[in-house]
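Take a look at the structure below.
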Amino acid sequence: MAAVSLRLGDLVWGKLGRYPPWPGKIVNPPKDLKKPRGKKCFFVKFFGTEDHAWIKVEQLKPYHAHKEEMIKINKGKRFQQAVDAVEEFLRRAKGKDQTSSHTSADDKNRRNSSEERSRPNSGDEKRKLSLSEGKVKKNMGEGKKRVTSGSADRGSKCLKRAQEQSPRKRGRPPKDEKDLTIPESSTVKGMMAGPMAAFKWQPTATEPVKDADPHFHHFLLSQTEKPAVCYQAITKKLKICEEETGSTSIQAADSTAVNGSITPTDKKIGFLGLGLMGSGIVSNLLKMGHTVTVWNRTAEKEGARLGRTPAEVVSTCDITFACVSDPKAAKDLVLGPSGVLQGIRPGKCYVDMSTVDADTVTELAQVIVSRGGRFLEAPVSGNQQLSNDGMLVILAAGDRGLYEDCSSCFQAMGKTSFFLGEVGNAAKMMLIVNMVQGSFMATIAEGLTLAQVTGQSQQTLLDILNQGQLASIFLDQKCQNILQGNFKPDFYLKYIQKDLRLAIALGDAVNHPTPMAAAANEVYKRAKALDQSDNDMSAVYRAYIH
């Protein structure tokens, strides 16, 4: 985008990394967020999201001048919602400006009318006023003391009464005074009044942290028994909020805040396994400027260096990631011939992103650490599309320092990451997440087949679900797969069945019943028997119609 003349408060189109131009507004940055060095840039708050970032001036265009051009280029639903948010903001700002103008005119008319009524009409009236002036002044002097004292007493009583009656906590606005999600703009007839005083940069302790595409957040969770409390930016511009659960979340500063894009680590990155998930992950690492060496049993990755064995990749790289299919594959990769373990020496880092059970990942951690290496488990929640888009959710546990070292990598491959404590916690959480997802998918398939056999329209069922509380991208995509008979894998059916099996075993280990997961697992096993293993998980539908 060409450089333009811009100022604080302007509505703009901002280009952020690999994402399409997005409508936003130039605002003042938080006090603790320094402006990056180098080329001139502005701090932009994007409409329709909670995203904000420093954007280079050449990556900005005026909103109104390029509105039609941008709308033609982008057709996504979220993009349209962002444009609608801009237009709604403009309408409100215009209405407020008109109301302010009418109010000012009315006030002026009332003052003029009042002055005319109070103006003396004759010399007699002037003399009367003059004679009474001294008396009035005298009375005012005495009355002033009485009024001041009385007002103070009444004021303090009213204030005390209001404080006792008010149920609101300090700092929270009443329900009828909620802030707009989009701040007011100075581009609309000088609506800017002060340095963005009404704009809230951080959620309050009572509000949830919103994760919205394309903004990256990372969370650091540790188990504590401290009461709910909120701190502000204690280190590395992090915001810590402890919730009632006792878990501590740390939200990082915007990953795109350095020159409008991710700053890649200078460490050499290795990656083992280029399946549905791994291939997209590596692509995003490369796009964001990381140096990557890969190994895969069957394929190479364009733009990446090729390692001959897992041991060679580990020995030549600082941090090596791996993403394979199941516990057996994860163990073979580490313990097998020319495996990861043979390349580990003091200081080498290994990050396993496979979805496996806690026992497997604990065993791998022990052998890596025994050789002087550092270990982190980091399974990912998502599918092939989210992997390609760099929008995975990363669940990490193990070496906390290594988690921090992987920051730029996690930002490149995902929208959110969580640190969950000791090794094994991420594996357990990932299995629970996939257990819920797999059971939900089986229920969707069951509902669609029941609609069919009872003479109901499956499309109408989907339309109804999409208008209700269950509406989600996952629901819509999987139902569309079924209705179109398209089961191209986005998440292999055999892998979701594997995760259900491991989740059930996790429940058994702690004597916790998982009857819903067990029932769903049986349906997936039937689908596998019908040769659906290598299809998408939505092919579980075929288990109900055969």
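- In this structure, the separation between SG on Cys41 and CD1 on Ile26 is 10.5 Å, given to the nearest 0.5 Å.
- Between the side chains of Lys525 and Gln497, not a single donor N or O lies within less than 3.5 Å of an accepting N or O.
- Shown here is Glu422, whose CD atom has no more than 12 heavy atoms of other residues, nucleotides or ligands within 6.0 Å.
- The shortest side-chain heavy-atom distance between Val393 and Phe418 falls under the 4.5 Å cut-off.
- How far CE of Met277 is from OG of Ser381: 8.0 Å, rounded to the nearest 0.5 Å.
- A distance-only check finds a donor-acceptor pair linking the side chain of Glu377 to the backbone of Ala426 [under 3.5 Å].
- In this structure, Thr320 OG1 and Lys267 NZ are separated by 12.0 Å, a value rounded to the nearest 0.5 Å.
- Side-chain atoms of Asn466 and Asp476 form a donor-acceptor pair, as typed in the model, at a separation below 3.5 Å.
- Proximity of Val340 to Ile368: side-chain heavy atoms (C-beta onward) are separated by under 4.5 Å at one or more points.
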Derivation and outcome, side chain to side chain contact (heavy atoms under 4.5 Å, CB included), residues Tyr495 and Ser325: CA-CA 7 Å; Tyr495 293 157; Ser325 58; 3.1 Å; yes
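- For the pairing with Phe79, the ring pair (Phe, Tyr, Trp, His ring centres under 6.0 Å) check across Trp13, Phe47, Phe46 returns one residue only, Trp13.
- Residue Ala311 comes nearest to Gly339 through the heavy atom pair CB-O, 3.2 Å, listed as atom of the first residue, atom of the second, then distance.
- Put simply, CG on Asn284 and CG on Asn388 are 7.5 Å apart, with the number rounded to the nearest 0.5 Å.
- In summary, the side chains of Tyr403 and Ser417 do present a donor paired with an acceptor at a separation below 3.5 Å, with no hydrogens or angles considered.
- Pairing each heavy atom of Leu493 with each of Ala527, the nearest pair is CD1-CB, 3.8 Å.
- Considering all non-hydrogen atoms of both residues, Ser439 and Ala517 come closest at OG-CA, 3.8 Å.
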So Gln366 and Ser370, side chain to side chain donor-acceptor pair (under 3.5 Å) or not? Walk me through it. CA-CA 6 Å; Gln366 289 172 349; Ser370 69; over 6 Å; no
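- His66 has its side chain out of reach of Tyr63: every pair of non-hydrogen atoms, C-beta onward, lies at least 4.5 Å apart.
- Gln532 and Asn535 are linked by a side-chain donor-acceptor pair at a separation below 3.5 angstrom, with hydrogens and angles left out of the test.
- What you find for Ala442 and Tyr524 is that their closest heavy atoms are N-OH, 3.7 Å.
- Checked by atom type, the side-chain pair Thr265/His290 shows no donor-acceptor distance below 3.5 Å.
- Checking Asp389 against Gln385 by side-chain atom types alone, a donor-acceptor pair falls below 3.5 Å.
- One finds no salt bridge joining Asp318 and Lys268 here, because no Lys/Arg side-chain nitrogen approaches an Asp/Glu carboxylate oxygen to under 4.0 Å.
- Put simply, the side chain of Arg371 never gets that close to the backbone of Pro346: no donor and acceptor are under 3.5 Å apart.
- For the residue pair Gln342 and Ser338, no side-chain donor N or O sits within less than 3.5 Å of a side-chain acceptor on the partner.
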Side chain to side chain contact (heavy atoms under 4.5 Å, CB included) evaluation trace for Lys56 with Lys40: CA-CA 6 Å; Lys56 297 177 187 177; Lys40 185 178 180 181; over 6 Å; no
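- Annotation for Phe271 and Cys323: closest pair CZ-CB, 4.0 Å, computed over non-hydrogen atoms.
- Arg501 places no side-chain N or O within 3.5 Å of a backbone atom of Ala518 that could act as its donor or acceptor partner.
- Side chain of Asn486 to backbone of Lys488: a donor-acceptor contact under 3.5 angstrom is found.
- One N or O on the side chain of Gln458 and one on the backbone of Leu448 form a donor-acceptor pair closer than 3.5 Å.
- The two residues Pro310 and Leu333 come nearest to each other via the heavy atoms CG-CD1, 3.7 Å.
- If you take OH on Tyr541 and CG on Leu483, they are separated by 7.5 Å, rounding to the nearest 0.5 Å.
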Derivation of the side chain to side chain contact (heavy atoms under 4.5 Å, CB included) call for Leu60 and Phe42: CA-CA 9 Å; Leu60 296 170; Phe42 288 101; 3.8 Å; yes
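- Using a 4.5 Å cut-off on side-chain heavy atoms (C-beta onward), Cys406 and Phe321 make contact.
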Run the side chain to side chain contact (heavy atoms under 4.5 Å, CB included) test on Ile269 and Thr293 for me, step by step, so that the C-alpha distance in whole Å, both residues' side-chain angles and the decisive distance to 0.1 Å come before the verdict. CA-CA 6 Å; Ile269 304 300; Thr293 301; over 6 Å; no
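- Taking the charged nitrogens against the carboxylate oxygens, Asp357 and Lys428 have no contact shorter than 4.0 Å, which rules out a salt bridge.
- Using a 4.5 Å cut-off on side-chain heavy atoms (C-beta onward), Arg374 and Lys348 make no contact.
- Between the side chain of Ser279 and the main chain of Gly275, no donor-acceptor pair closer than 3.5 Å is present.
- Two residues are said to be in side-chain contact when any heavy atoms from C-beta on lie closer than 4.5 Å; Phe487 and Arg542 meet this criterion.
- In this structure, Lys61 pairs ionically with Glu69, as a charged nitrogen and a carboxylate oxygen lie closer than 4.0 Å.
- Asn481 and Gln477 are not linked by any side-chain donor-acceptor pair at a separation below 3.5 angstrom, with hydrogens and angles left out of the test.
- Looking at Asp536, its side chain never comes within 3.5 Å of a backbone N or O of Ala539 through a donor-acceptor pair.
- Between Lys415 and Leu392, the closest side-chain pair of non-hydrogen atoms is not below 4.5 Å.
- You'll find the side chain of Val294 stays beyond 4.5 Å of the side chain of Arg305, heavy atoms only.
- Residue Asp499 is tested with Asn521, Thr355, Asn434 for a side-chain hydrogen bond (donor to acceptor under 3.5 Å, both in side chains); the sole match is Asn434.
- A donor-acceptor pair is defined here as one N or O able to donate and one able to accept, closer than 3.5 Å; such a pair exists between the side chain of Thr362 and the backbone of Ala358.
- With rounding to the nearest 0.5 Å, the separation of CG in Leu386 from CZ in Phe474 is 11.0 Å.
- A salt bridge links Lys494 to Asp534: one of the charged nitrogens lies within less than 4.0 Å of a carboxylate oxygen.
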